[in-house]
Amino acid sequence: MGRVMLASACMALLLAAGANASGKEYAPTFWAALGKNPAKGMSITRKVAQAAGMKGYLSAPHIATFFPPDDEAWRQLLAGDMKISVQELLLPANRGLLRELVKSLIVPGKRIFTPNWPKWPKKDWYQTAQPGNKIGLEMDDGGSRPGDIFDVDGTDDDAELVPKSWVINLICGPGVMQTVDDVPTWKGWKARVLKNVKKARLAGRSSASHVDTTPGRRPCRGGSKACKPFAVTGRSG
């Protein structure tokens with residue numbers, strides 16, 4: 001009973017936040033919103049968008065709804081699920097996949113506030129900025145956690161809105177930003193990222209195994225004949 005009451009109270013708070021969001025602008029663009037307050041934990045999404053080449057798009061005003069994951073969501077996906085680092089996610093080989101993901105988190109042409117969520121058990125699918133990928137929105141049927149109320153679904157991994165009124169229903173120029181507590185993903189995306197990371201790791205190990213450490217020679221990789229000797233200094237006995 002207590003959990004249901006807590007969930008209901010939180011839903012009322014978020015719905016009220018949505019109703020009151022129509023007046024005050026949080027930031028002029030989505031990019032400005034991601035960098036406005038690092039304490040709210042959006043630094044990884046900002047790095048991902050930058051690596052994806054999406055800064056220009058997010059820096060322009062758009063009538064759209066953006067569902068960026070917070071930093072904790074990225075940590076759960078990368079360290080907990082995929083077992084990779086942020087640096088590996090941001091490899092140049094993943095640039096196209098990062099762009100695909102960021103575009104999949106954007107619903108163009110619509111401003112979706114929490115009062116607009118479909119009522120349970122209805123689920124609505126919206127076409128995203130990434131062709132072929134849709135994002136699903138639904139209301140949970142009274143889950144035990146307040147964050148379970150507003151669901152945001154990919155085809156592989158789902159998320160919920162962060163149950164804090166100051167990180168949802170954020171007006172960003174003509175658009176709306178809704179922060180989520182997990183990273184929605186679509187079919188095959190994680191596998192393709194992991195394939196690129198595995199290649200990079202194998203290449204790194206292969207390169208390291210061919211370091212020429214002969215005394216009196218500059219360390220060189222692959223046994224290159226172009227490496228030149230350098231003076232060995234030190235005290236003699």
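Starting from 1, each residue takes its place in the sequence as its number.
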**OP:** Tell me whether the guanidinium CZ or amine NZ of Lys36 lies under 6.0 angstrom from the six-membered ring centre of Tyr26 and within 45° of its axis.
**Re:**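 Here Lys36 passes the 6.0 Å and 45° test against Tyr26.
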**OP:** Decide, yes or no, whether a salt bridge links Lys198 with Glu88 under the criterion of side-chain N to carboxylate O below 4.0 Å.
**Re:** no
**OP:** Inspect the contact between Asp151 and Lys123 and indicate whether a charged nitrogen and a carboxylate oxygen are less than 4.0 angstrom apart.
**Re:**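 No.
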Original post:
Under 3.5 Å, is there a donor-acceptor pair between the side chain of Arg99 and the main chain of Gly53?
Top reply: yes
Subject >> Exam field: side chain Thr65 to backbone Val107, donor-acceptor pair closer than 3.5 Å >> reply: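 Answer holds: no.
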Determine whether [X] and [Y] make a side-chain contact, defined as any pair of heavy atoms from C-beta on separated by less than 4.5 Å.
X: Pro184; Y: Asp157; value: no
X: Leu98; Y: Val193; value: no
X: Arg201; Y: Ile84; value: yes
X: Val180; Y: Phe150; value: no
X: Val152; Y: Gln178; value: no

Subject >> Heavy-atom pair with the smallest gap, counting every atom of Asp70 and Met42 >> reply: CA-SD, 4.0 Å
Subject >> Least distance between heavy atoms, Pro118 atom then Asp124 atom >> reply: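 That would be CB-OD2, 3.5 Å.
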**OP:** Run through Thr185, Asn133, Thr155 and flag the one making a side chain to side chain donor-acceptor pair (under 3.5 Å) with Ser104.
**Re:** Asn133
**OP:** Apply side chain to side chain donor-acceptor pair (under 3.5 Å) to Asp71 and Ser43, showing your working.
**Re:** CA-CA 7 Å; Asp71 286 350; Ser43 63; 2.8 Å; yes
Nearest-0.5 Å distance, [atom1] of residue [X] to [atom2] of residue [Y]:
X: Ile44; Y: Leu77; atom1: CD1; atom2: CG; value: 10.0 Å
X: Ser85; Y: Leu91; atom1: OG; atom2: CG; value: 7.5 Å
X: Glu100; Y: Leu105; atom1: CD; atom2: CG; value: 11.0 Å
X: Glu160; Y: Asp181; atom1: CD; atom2: CG; value: 5.0 Å

**OP:** With sequence neighbours excluded, give me every ring-ring contact (aromatic ring centres under 6.0 Å, His included) pair touching residues 55-81.
**Re:**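 Sorted pair list: Phe30-Phe66, Tyr57-His62.
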Original post:
Of Val48, Leu58, Thr29, which meets side-chain contact (heavy atoms from CB on, under 4.5 Å) against Leu34?
Top reply: Leu58
Original post:
Please walk me through it: do Thr114 and Asn169 pass side chain to side chain donor-acceptor pair (under 3.5 Å)?
Top reply: CA-CA 7 Å; Thr114 48; Asn169 295 316; 3.0 Å; yes
Original post:
Just wondering, more than 12 heavy atoms not from Lys134 lying within 6.0 Å of its NZ?
Top reply: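 Counting neighbours around NZ of Lys134, 12 or fewer heavy atoms of other residues, nucleotides or ligands fall under 6.0 Å, so no.
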